[in-house]
Amino acid sequence: MPHRLRSLVLLLLAAGLPAMAAELKLRILETTDVHMNLLAYDYYNDKPTEEFGLARTITLIKAARAEVKNSLLFDNGDLIQGTPLGDLVARVKPLPAGEVHPAYKVLNAIGVDAANIGNHEFNYGLPFVRQAIAGARFPYVNANVVVDEPGVPEAQLKNAFTPYVILEREFTDEAGAPQKLKVGVIGFTPPQIMMWDRSQLLGKVKARDILETARRYLPEIKARGADIVVAIPHSGLEFGTTVMFGENVVARLAEVPGIDAILFGHSHGEFPGGFFARHPKVDLARGTINGVPAVMASAWGAHLGVVDLVLDNSGGAWKVKEGRAYLRPIYDKAKRASLAAADPMVEQLVGPEHAATVAYMRGEVARTTAPITSYFAQVADDPSVQLVSLAQLAYAKQALQGTPHEALPLLSAAAPFKSGGRMGWQYYTDIPAGPIALRNIASLYIYPNTVKAVRITGAQVREWLEFSAGQFRRIDPNGPPAQDLLDDVFRSYNFDTLDGVTYSIDVTQPQRYDVYGKLIAPQSRRITNLRHNGQPVDDAAWFIVVTNNYRASGGGNFPGLDGSSIVLDAPDENREALSRYLVAQKEFNPSADNNWRIQPVPGVRLRFTSGAGGIAHLARYPQIKLVQENRDGSALYELVP
Ligand code: MN
Ligand code: MG
């Protein structure tokens, strides 16, 4: 068709349509769980990183905006806590009244349309959240936290924050004409804040069920003229049944009528992403949950969430005609390559706060009277593991106060993380006596795990230790006079020792479990003389064991650990517990309590290889002697019977 004729036909077609008919494309961007990773800097390892940091996400935000006519940007919360920079502003050099929190110096500069309050926003108490978000030049929403007032019926309690906003925006439609739209935005936080930050929140606020709150507010938002509604739940996507007051409820939220896009978070996962491929409500290719386009942009700025909507008002009202969602990463994990340079804006905006944080991490927080090393952590109770164990005990003791679990015996599980081997014979914790800086914590606890505690029986405690004891080879008492003790197949991070009980390990018995957690020698028992308070452990008695999210949810295939026994689901990292523990100590003597030991095998020298760096520390380990130093940075040692 000649061009002029086609134009005429289009004109005639247009004349027959309602006057307002238009198609409009809207891009919605999400950041979530940034956790104060404003710069791309790893404060524990004291170096820049390509793998996380909002400074890099900003580069993706700018690019994503430049590609389209219309866009909105939302942050889902867990913003103001999570790195030492967050601690610095909240606790170490508290934010002066009237000054803008560094998170908002950055977010204000990027231009955010609205933001949601995550659970971690409450970690420093309500006055601090309010002080911090007062610096945001964009609205904050939360619909499910209400002000607690004695004597007032629950249903009449007032919202603690603005439950939702209706943003009025002028967009450009596909024909280039301006269109005024009202975008409803509602936010939610996990009701578990009342447990995680009980001491900060009890008697001040109450949290309501996310779904119930959503069902109540959505008709109101629509009635007030919202053309589309964006929900920002700080909540993950659950498999299976959803409980009342659930923490992760996005599968059910996607069923609530009136929501056009979901920007979720909290569980630090990637949606759309392979982990959710088998979820019955999910269409991974389109990035929808129950047909609603949805994103979860992992955490720490590692991804930007993108929802692309095509809106159409041919029916007289704006409707989402098409929607899809996807993630844009800042880093290619497979190729180990950066995909987004850090935007220099962030360093310009919060350079002084960043520099103060680096100095804080390098500064002395405590003194240790003896070196803390991990050279012998696989064969003897060891200060590097003991310290983690003690920090976890202190954390859990406080966190369990006032709960039904307070009275149960509390044990702590910890394992050596840096233990040479495949990572090289230099790869050990080796902190000299003297000042300890916070950045040393990275060397004591290398994973960003979070603190969890499980409630298990004495029998399960025994099985836990039996699995751990799989680290040792079976020693033949009638075999060669010198035998290798460590089984290289077994990962040291699965060699959990338990503080709070005493026990011995009989390495002449076969491994009861294989590394996959399969019971391979039902008759075998390596753990002997397991005692609590000097008394043999009763198989039927209950214990609380504090550990990390990896272990508690089944990591390492430990028998009986599958997430179902978790009673303390703390949001804080184990290294944060360690950091608080160290800050609370002025000077400490990092000695282990020798609550466990390997039983000597008469007539056999039990040998193992570790870093040669351990030789300098042998004086503190009377139970270990050097056999020979090797040329590769390792040394052969043996246990002294
Ligand atoms: Mn988070
Ligand atoms: Mg110990």
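Counting starts at 1 for both ligands and their atoms, in listed order.
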Flag the pair Leu568 / His405 as yes when at least one side-chain heavy-atom distance between them is below 4.5 Å, and no otherwise. no
Partner set under ring pair (Phe, Tyr, Trp, His ring centres under 6.0 Å) for Phe188, not counting sequence neighbours: none
Go through the structure and list residues passing side-chain hydrogen bond (donor to acceptor under 3.5 Å, both in side chains) with Asn119, not counting sequence neighbours. His234, His266
Where do Tyr445 and Phe417 land on the ring pair (Phe, Tyr, Trp, His ring centres under 6.0 Å) test, with the steps shown first? CA-CA 7 Å; Tyr445 207 104; Phe417 290 148; 4.8 Å; yes
Lys NZ or Arg CZ of Arg137 over Tyr104 ring: under 6.0 Å, within 45°: no
How many protein N, O or S atoms are found at a distance of less than 2.8 Å from the Mn ion (ligand 1)? 4
For residues 54-63, please give each side-chain donor-acceptor pair under 3.5 Å, one per line with the distance, not counting sequence neighbours.
| unit_1 | atom_1 | unit_2 | atom_2 | d |
| --- | --- | --- | --- | --- |
| Arg56 | NE | Thr49 | O | 3.0 |
| Arg56 | NH1 | Ser338 | OG | 3.4 |
| Arg56 | NH1 | Ala340 | O | 2.8 |
| Arg56 | NH2 | Thr49 | O | 3.3 |
| Thr57 | OG1 | Gly53 | O | 3.2 |
| Thr57 | OG1 | Gly301 | O | 2.8 |
| Thr59 | OG1 | Ala341 | O | 2.6 |
| Lys62 | NZ | Asp343 | OD2 | 2.6 |

